[in-house]
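As structure tokens, the structure follows; a few thoughts come after it.
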Amino acid sequence: MAVHVAYAQTYAQAHARAQVQARRSPGPTRRIRVLLRRRVRWLAVRARTRGLAGPGSRADAGMTTAEYAVGTVAACGFAALLYKVVTSGAVSGALSELLTRALHAV
């Protein structure tokens, strides 16, 4: 909350400086307006990227429920496939032969 106040104060100070500049000389008002707009845009982007602009404006920080569901299904499918491969006759025989050679080597 304090950060919102700090950004609001920064904006208010920039706006006040721009108004003072505009009263001093009518010529550079366009430049001041452009600089003020840039500053406001920068503050808005900074608030959005830091999650300070309210709900819905924060960048996605992780997976949503649907992404978790798809990821879980994919992981289960991969685990089932890996289980089938490891428990097949050829792989099971190769693993037991490797284990037997390793135990006899010691």
Side-chain angles (χ1 to χ4, degrees):
M1 191 61 150
V3 177
H4 281 294
V5 173
Y7 286 133
Q9 287 174 350
T10 304
Y11 170 75
Q13 291 167 352
H15 187 66
R17 279 193 299 260
Q19 285 181 339
V20 168
Q21 272 300 59
R23 279 194 295 257
R24 285 187 192 154
S25 60
T29 55
R30 176 164 164 52
R31 178 164 166 65
I32 292 170
R33 280 195 312 255
V34 168
L35 291 175
L36 185 60
R37 268 192 229 122
R38 284 183 191 161
R39 178 68 176 171
V40 169
R41 262 189 247 131
W42 179 81
L43 287 172
V45 168
R46 187 168 179 194
R48 240 181 284 126
T49 56
R50 293 185 182 203
L52 303 172
S57 62
R58 174 176 252 172
D60 286 341
M63 292 195 303
T64 62
T65 305
E67 290 169 332
Y68 275 117
V70 170
T72 303
V73 169
C76 289
F78 182 71
L81 179 70
L82 189 60
Y83 177 76
K84 282 293 199 183
V85 167
V86 169
T87 57
S88 69
V91 174
S92 181
L95 286 175
S96 63
E97 182 184 332
L98 179 69
L99 186 61
T100 304
R101 266 195 277 148
L103 289 175
H104 285 295
V106 174

Linked, directly or transitively: Leu95 and Leu99 (ILVMFWY side chains, under 4.5 Å):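 Leu95 and Leu99: separate clusters.
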
ILVMFWY network linking Val91 to Leu82, side-chain heavy atoms under 4.5 angstrom: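 As far as the 4.5 Å side-chain criterion goes, Leu82 and Val91 are connected within one cluster.
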
From OG (Ser96) to CZ (Arg101), nearest 0.5 Å: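 Here the rounded value is 10.0 Å.
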
side-chain contact (heavy atoms from CB on, under 4.5 Å) partner of Arg38, chosen from Val40, Leu35, Leu36: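 The single option meeting the side-chain contact (heavy atoms from CB on, under 4.5 Å) with Arg38 is Leu35.
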
